[in-house]
Visitor: 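Sharing a structure, written as structure tokens. Questions coming.
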Amino acid sequence: MNEFDRVSTGLGEECGVFGAYDMDGRNVATSIYYGLFALQHRGQESCGIAVTDTFGKRKVISRKGLGHVNDVFNEETLSELKGNLGVGHVRYSTAGGTRVENAQPLVINYVKGTLAIAHNGNLVNALELRRELEYTGAIFQTTIDSEVIAYHIARERLNAPNAESAVKNAMKKIKGAYALVVSSPRKMIGARDPLGLRPLCIGKRDNTYFLASESCAIAAVDGEFIRDVRPGEIVTITKDGISSDTSMSLPAEQEARCIFEYIYFARTDSTIDGVNVYHSRILAGKALAQSYPVDADLVVGVPDSGLVAAKGYSEESGIPYGMAFHKNSYVGRTFIKPKQSDRESSVKVKLNVIPEVVRGKRIVMVDDSIVRGTTCANIIKMLKKAGATEVHVRISSPPFLYPCYFGVDVPSNEQLIAHSHTTEQIRELIGADSLGYMEISKLKDMVGDLHYCDACFTGKYPMEVPGRDISFALEEGDYQNE
Ligand code: SF4
């Protein structure tokens, strides 16, 4: 999510990881490029690819940069990335600032060779671990906690019999959310945190294996989805196939997948842990229609993540579904964000109402969340200006009340409108005729039997969390003063 998006919705996405290993020795950089392209919605700030040739000198070549996958890579740069094993990353900065050094994958050279690592998620104990490493002489080149993980893996490797054991030993120390893809000289290793907060799955095409944050990326490279990496599982992919270690996994009832992946982050064509994202959003819309029925003429969704929930609301209520907005998708990193004084609001340059669709109609508008409330208020104003007679807002998540410590950029409490206002006050502030949020008790309908995290709505974190946001501390640099 770029600066523009951050302003317009107030919620930051996380990161996306993708790995590829061609056992026949063909170059994988282009496949990684397409995989990352399919994961672009998870992070638009920077991206990178690191490859190695397992049949040759096993040197790691990498390229990283600020911007979209399209900005950083072209045919020429991809052709320079020769290697049959590689990892890639798209980044949104939830921890660490917008600097090219913070782009991933990270490549670490150490006595046992070179490893490249791509990480999605946030650690809750990154500060302690960093401090511990620095006291023993480590010098960090980035401000991201992914480097803490990389160092731990490298350090553990000195005494572990193989790279996957080193990953496992590092997992015993790191706490928080992580989906990791690691390339060590002749292996591709994938690991998912024991709670399963962040997704990771495995795919295959001919003799090439893939690891990806979401199944949509496996489909993008014409791969066949094999399965999800289980929470707490370490998978090691070599020429002999896939081996698995689940000794770090927890009983299913302790797992805590991020429910927001289903509500907002993941692409609708992805399936995570057996639950299709499109389907779960349809169910969210249906639940909203059951909880908050209203007499109206048309149900519309706010692009993109509100669209499917709107369809679910329409199916359940019998009110026709329509397209009220045109979205301009071409907002890149260098887009000049309107200032408050400009007549063009950030919302207007990205979303336009189609007046012919909404004029004279009572509208049900479905969106995924209200963070600060300003975007929602602007959209309602636009609908009414275009002739909508009523706008009833339905939100497919419960009110945001608490920060996320696991890699999702939910703003601090003071900025969350629901933190200081009742639903009725919010309705009035945004100018809606009625407002209904997804009920917390109905979130479970979206994901079947899966156990999930809903801490940003309930404050019940699935693990102990620090008193303040780690990324904030790192940005301020106060960690060095401790
Ligand atoms: Fe996801 Fe919210 Fe839990 Fe963060 S706190 S992992 S955003 S459900």
Side-chain angles (χ1 to χ4, degrees), residues 1 5-6 9-17 41-43 92-95 119-126 145 174-180 192-200 213-214 228 231-232 250 253-267 270 272-273 275 277 280-281 284 305 309 367-372 395-413 415-419 437-448 450-472:
M1 183 172 283
D5 288 307
R6 241 189 276 186
T9 70
L11 267 188
E13 290 167 21
E14 330 148 15
C15 296
V17 294
H41 59 286
R42 297 183 71 87
Y92 169 83
S93 65
T94 46
H119 163 227
N120 167 210
N122 259 32
L123 301 185
V124 297
N125 63 342
D145 49 9
I174 60 178
K175 293 195 181 84
Y178 51 90
L180 299 176
R192 198 171 165 196
D193 66 78
L195 295 174
L197 281 155
R198 298 288 149 242
L200 189 65
S213 289
E214 290 183 39
D228 291 281
L250 298 168
E253 59 279 10
Q254 286 176 34
E255 292 169 354
R257 291 158 186 86
C258 172
I259 191 78
F260 223 66
E261 289 281 353
Y262 296 94
I263 295 169
Y264 175 73
F265 288 128
R267 240 170 68 165
S270 287
I272 302 172
D273 290 334
V275 175
V277 174
S280 69
R281 287 182 191 163
S305 42
D367 202 354
D368 55 77
S369 54
I370 300 180
V371 181
R372 295 179 179 88
I395 302 296
S396 61
S397 64
F400 273 115
L401 293 171
Y402 303 92
C404 173
Y405 295 90
F406 309 122
V408 176
D409 187 20
V410 180
S412 57
N413 287 357
Q415 295 181 57
L416 297 171
I417 191 169
H419 193 76
Y437 282 98
M438 181 81 164
E439 291 172 68
I440 286 176
S441 61
K442 291 203 169 170
L443 283 176
K444 63 176 179 315
D445 299 350
M446 292 180 71
V447 291
L450 295 181
H451 292 267
Y452 57 89
C453 171
D454 58 8
C456 46
F457 313 124
T458 60
K460 290 181 195 143
Y461 293 95
M463 68 171 68
E464 206 181 314
V465 291
R468 61 192 300 227
D469 194 345
I470 298 158
S471 53
F472 179 64

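Each ligand, and each atom within it, is numbered from 1 in the order the structure gives. Along the sequence shown, the residues carry numbers beginning at 1. A quick note: this is a predicted structure, and the numbers were derived from the prediction, not measured.
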Visitor: Within ligand 1, which atoms have a heavy atom of Cys456 less than 4.0 Å away?
Guide: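 The atoms of ligand 1 under 4.0 Å from a heavy atom of Cys456 are 2 (Fe), 5 (S), 7 (S), 8 (S).
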
Visitor: Non-hydrogen atoms of Arg198 versus ligand 1: any pair closer than 4.0 Å?
Guide: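 The answer is yes, since Arg198 has a heavy atom less than 4.0 Å from ligand 1.
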
Visitor: Under the rule for salt bridge (Lys or Arg N to Asp or Glu O under 4.0 Å), what residues qualify as partners of Glu214, not counting sequence neighbours?
Guide: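 Only Arg42 meet the salt bridge (Lys or Arg N to Asp or Glu O under 4.0 Å) criterion with Glu214.
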
Visitor: Starting from atom 4 (Fe) of ligand 1, what is the nearest protein heavy atom, named by residue and atom, and what distance separates them?
Guide: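 Ranking protein heavy atoms by distance from atom 4 (Fe) of ligand 1, first comes Cys404 SG, 2.3 Å.
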
Visitor: If the test is side chain to side chain contact (heavy atoms under 4.5 Å, CB included), which one of Pro462, Cys453, Pro231 qualifies with Arg257?
Guide: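 Going through the options one by one, the only one that passes is Pro231.
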
Visitor: With ring centroids as reference points, do Tyr402 and Phe457 lie under 6.0 angstrom apart?
Guide: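 No, the ring of Tyr402 stays outside the 6.0 Å limit from the ring of Phe457, centre to centre.
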
Visitor: Under 2.8 Å from atom 2 (Fe) of ligand 1, can any N, O or S atom of Cys258 be found?
Guide: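 Coordinating: no.
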
Visitor: State whether the number of non-hydrogen atoms from other residues, nucleotides or ligands found under 6.0 Å of Glu253 atom CD is greater than 12.
Guide: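 Correct, the count exceeds 12.
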
Visitor: With heavy-atom distances below 4.0 Å as the criterion, list the atoms of ligand 1 near Leu197.
Guide: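 Per the distance check, 6 (S).
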
Visitor: Which ligand 1 atoms, with their elements, are less than 4.0 angstrom from a heavy-atom of Val408?
Guide: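 So the answer, numbered in order with elements, is 7 (S).
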
Visitor: Is it true that some N/O/S atom of Cys453, main chain or side chain, lies under 2.8 Å from atom 4 (Fe) of ligand 1?
Guide: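 No N, O or S atom of Cys453 is closer than 2.8 Å to atom 4 (Fe) of ligand 1, so no.
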
Visitor: Assess whether side chain to side chain contact (heavy atoms under 4.5 Å, CB included) is satisfied between Met446 and Ile263, documenting all intermediate values.
Guide: CA-CA 9 Å; Met446 292 180 71; Ile263 295 169; 3.8 Å; yes

Visitor: Quick one, Tyr461 and Pro403 - any side-chain contact, counting heavy atoms below 4.5 Å?
Guide: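 Of all side-chain heavy-atom pairs linking Pro403 with Tyr461, at least one is under 4.5 Å.
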
